[in-house]
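The basis for the numbers below is simple: all heavy atoms, side chains too, and nothing from hydrogens, waters or symmetry mates. In the text below, chain A, chain B and the rest are named by the order of the sequence lines, each starting its count at 1.
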Amino acid sequence: MSGRNVERKPVILWFRHDLRLDDHPALLSAVATGHPLMCVYVFDPCVERSAVEGGAYRWWLRGALAALRKQLQSYGGTLLTLAGDAQDVLPRLAAEIGAVTVFAHQRVLAAERAQDQRLVEKLAQCGIGFQLEWGTVLRHPQDILTKDRYAYRVYTAFWKALRAVGAEAPVSAPQEIVFCGLSASLLADMRLNEERLRPVVPDWAAGMRASWRVDGKAGMQVLEAFVNDLCCDYAKARDYMAREGTSRLSPYLASGMLSPRRVWDVLAQRGDDGEGAQVFLSELGWREFAQYTLFHVPSLSYENVNPKFHAMPWRRSEQDLTAWQRGQTGVPIVDAAMRQLWQTGWMHNRARMIAGSFLTKHLLIDWREGEAWFRDTLVDYDPASNAMNWQWVAGTGIDAAPFFRIFNPTLQAEKFDPDGEYIRRWVPELGALSGKALREPWNASVTVLRSAGVELGQTYPRPIVGLPEGRERALGAFKAL
DNA sequence: TTTTGAGTTGTTCGA
DNA sequence: GTCGAACAACTCAAA
C-alpha cells in the first residue's frame with residue numbers, strides 16, 4: 001500500500017442555518033475527528049416552508065454563502081454548494097468522496113426534521129454516520145421545561161426559566177482546519193449556480209443592497225455597533241418606526257452568520273444591566289421561544305395552536321390580499337410598512353405588528369397568507385419566528401391572546417411615528433401632508449389634499465376597509481368562536 | 001387536587 | 001389631555 005492510500009477518509013460538514021465558523025459545535029466536532037473536511041451547503045427548495053422558498057432570503061443567501069466561502073478560504077479550504085433534494089444529494093456526495101460521517105446542526109422545522117430522520121436511515125444503510133448537534137439555539141429545547149416536564153406555553157415563564165439556566169457558552173472557531181481536496185468535476189451536475197440566487201429581471205434587490213451588508217464580519221460589527229451606540233436607548237427607541245432604534249441583527253441570526261449564543265455572551269461580557277440591554281436580551285429570548293415552540297409544537301407553522309380557531313371564518317379576498325401585499329390598502333401606516341418590506345426585505349418590528357393585525361383583524365384574512373408573504377419577502381425569514389409571531393398577532397397562538405388585541409393603525413402611527421417621518425419615507429405620494437391628514441387622508445378635507453397634490457382614488461387609494469367597521473367585524477368574528 | 005395570580009407589545013370610553 | 005376601568009373567558013404555571 002502506498003502512502004496515499006492510508007490518507008484518512010473525509011467527513012462532511014453540512015452547513016445549514018449556521019453559515020459561520022464562530023460558535024459552530026458541529027464544525028469543532030468534525031475537526032476533532034482528525035479526518036479531512038468537506039464543507040458543503042445544499043440549496044434544497046424541496047423542503048416546505050424552508051427559508052430558501054423565499055426570494056428575499058435567496059438574495060441574502062448568495063451573500064452569506066460567499067462570505068462563508070471566503071472565511072473557509074482563509075483556512076485554505078472552500079465551500080461546495082450543491083442544489084437538489086438533500087436526501088439524494090448528501091448520500092451521493094458521501095459515496096462519491098467516501099465520507100464516513102456527516103456533521104450538522106439540528107433544525108427545528110418539521111419538514112427539515114423529517115428529512116434529517118430519513119437521512120439518518122439512508123446514510124446508515126451505506127455505513128455513513130450522521131451526527132447532529134445543537135448549535136443554533138441558546139439552549140436545547142428539552143433543557144427548559146416546567147416542573148411537570150412540559151414545554152412552556154407562556155413566554156414570561158419560559159423566559160424566567162431560561163434566564164435561570166442561562167445560555168450555553170459559545171465556542172470559538174477552530175485554530176486550523178484540514179480539508180479534503182475538491183475537484184472541479186465532483187458532482188458537476190449537482191452544483192448550485194449561485195448567480196441564480198440573485199434576481200435579474202426585474203432586479204428587485206436594489207433596495208436590499210442599499211440596506212444590508214452581507215459579509216462575514218458584518219453581523220459581528222452590527223452587534224458591536226448596537227451594544228456601543230443603540231443598546232442604552234433600546235427599550236424606548238426600538239418602538240419608533242422612523243428611527244434606527246432596533247438592532248437589525250435578525251437576518252444575521254436567521255442565516256446563522258451570527259450565533260445567538262455569541263450575541264448573548266457579548267451582552268453578558270459587558271455586564272450591562274440597564275433597561276435597554278435587558279429588553280434586548282428578552283427579544284433574543286423571544287427568538288429562542290420561537291425555536292423552542294416550533295420544536296415542541298411542529299404544527300406551529302401551518303396550524304392554529306389553539307384548535308378553537310379552526311372554525312374561524314377567514315375572508316377570502318385576492319383583491320384585499322394583493323392590496324395589502326403591494327402597500328395599497330389606503331391606510332398610510334400599513335402601506336408604509338408593506339413597502340418597506342418590499343423594498344428592503346425587512347420591516348420594523350412594530351410595523352410588523354401593525355401590518356399583521358391589519359391583515360388578520362381588519363381584513364379578517366388568514367394569518368397563513370401573511371406568513372407566506374413574509375416568507376417570500378423577508379431577508380430575515382425564520383420559519384419559527386415567522387410562524388409564532390403570525391399566530392401571536394392573529395391571536396391563534398400559544399399566547400392566551402385577548403381577542404381584543406386589535407391594533408388601531410392610526411393610533412399606532414400617532415404614538416410611534418409622531419412626526420409622520422416613516423409614512424412619508426415609504427409613501428412619498430403623501431409627502432406633502434402632515435399630522436392627522438397624513439395618517440388618515442380619508443378624513444382630510446379636499447382643500448388640504450389638493451394643496452398636497454393628493455387625490456384619493458387617483459394618486460393614493462381610498463382605504464379598502466373602514467377602520468371602525470373592520471374592527472367591529474373582527475370583534476364579531478372572534479366573539480362568535 | 002385545588003386554588004390563585006398572571007398573561008409582550010392594545011383600544012375605547014367616561015370621568 | 002390624562003387616567004383608570006372595562007373589554008370574555010380561558011389557559012398556564014406554580015403554590
Step by step, work out the salt bridge (Lys or Arg N to Asp or Glu O under 4.0 Å) result for A:Arg287 and A:Asp380. CA-CA 12 Å; A:Arg287 177 197 180 271; A:Asp380 65 18; over 6 Å; no
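- For the C1' atoms, the distance linking C:dA8 with B:dT11 amounts to 16 Å, nearest Å.
- Where stacking is scored as ring centres under 5.5 Å apart with planes under 30°, A:Trp286 registers as stacked on the base of B:dT8.
- Listed nucleotides B:dT11, B:dT8, C:dA13 differ in distance to A:Thr156; the shortest reach to its side chain belongs to B:dT8.
- Here the side chain of A:Met353 is nearest to one of C:dA14, B:dT9, C:dC12, namely B:dT9.
- Taking side-chain N and O atoms only, A:Asn408 has a distance below 4.0 Å to OP1 or OP2 of B:dT12.
- When heavy atoms are screened at a 4.0 angstrom cut-off, A:Lys415 is found touching the sugar-phosphate backbone but no base atom.
- Taking atom CG of residue A:Leu145 and atom P of nucleotide C:dC12, one finds them 15 Å apart after rounding to whole Å.
- A:Arg149 places its CZ atom 14 Å from the P atom of C:dA13, with the value rounded to the nearest Å.
- Distance A:Lys236 NZ to B:dT9 P: 16 Å, rounded to the nearest Å.
- Rounded to an integer number of Å, the gap from A:Ile333 CD1 to B:dT11 P is 12 Å.
- Across the protein-nucleic acid pair, A:Gln391 atom CD and B:dG7 atom P stand 21 Å apart, rounded to whole Å.
- Not one side-chain nitrogen or oxygen of A:Gln412 sits closer than 4.0 Å to the OP1 or OP2 atom of B:dT9.
- Between A:Arg238 and A:Glu283 a salt bridge is recorded (basic side-chain N to carboxylate O distance below 4.0 Å).
- Contact check, A:Tyr152 against B:dG7: no side-chain N or O comes under 4.0 Å of OP1 or OP2.
- Distances shorter than 4.0 Å separate some side-chain N or O of A:Arg153 from OP1 or OP2 on C:dC12.
- In the set C:dA15, C:dA8, C:dA13, C:dA8 carries the atom at the smallest distance from any side-chain atom of A:Lys479.
- In DNA chain C, the stems built from three or more successive Watson-Crick or G-U pairs (distances below 3.5 Å) are B:2-7 with C:10-15, B:10-15 with C:2-7.
- Distance A:Trp392 CH2 to B:dT9 P: 6 Å, rounded to the nearest Å.
- Here the rule is ring pair (Phe, Tyr, Trp, His ring centres under 6.0 Å) with A:Trp342, and of A:Trp373, A:Trp204, A:Phe374 only A:Trp373 fits it.
- Within the 6.0 Å centre-distance limit, the rings of A:Tyr252 and A:Trp60 are counted as a close aromatic pair.
- Atom P of nucleotide B:dT8 and atom CH2 of A:Trp390 are separated by 20 Å, given to the nearest angstrom.
- Rounded to a whole Å, the OH atom of A:Tyr155 is 12 Å from the P atom of B:dT9.
- A distance of 9.0 Å separates OG1 of A:Thr360 from CH2 of A:Trp324, quoted to the nearest 0.5 Å.
- Among the heavy atoms of the strands, none lies under 4.0 Å from A:Arg352.
- Considering only side-chain N and O atoms, A:Arg405 lies under 4.0 angstrom from the phosphate OP1 or OP2 of B:dT9.
- The main-chain N or O of A:Ser301 is never found under 3.5 Å from a side-chain atom of A:Glu371 such that the two would form a donor-acceptor pair.
- With respect to A:Lys217 and A:Asp215, no salt bridge is recorded, no charged nitrogen being found less than 4.0 Å from a carboxylate O.
- Rounded to the nearest Å, the gap between the P atom of B:dT8 and that of C:dA6 is 22 Å.
- Side chain of A:Asn389 to backbone of A:Ser385: a donor-acceptor contact under 3.5 angstrom is found.
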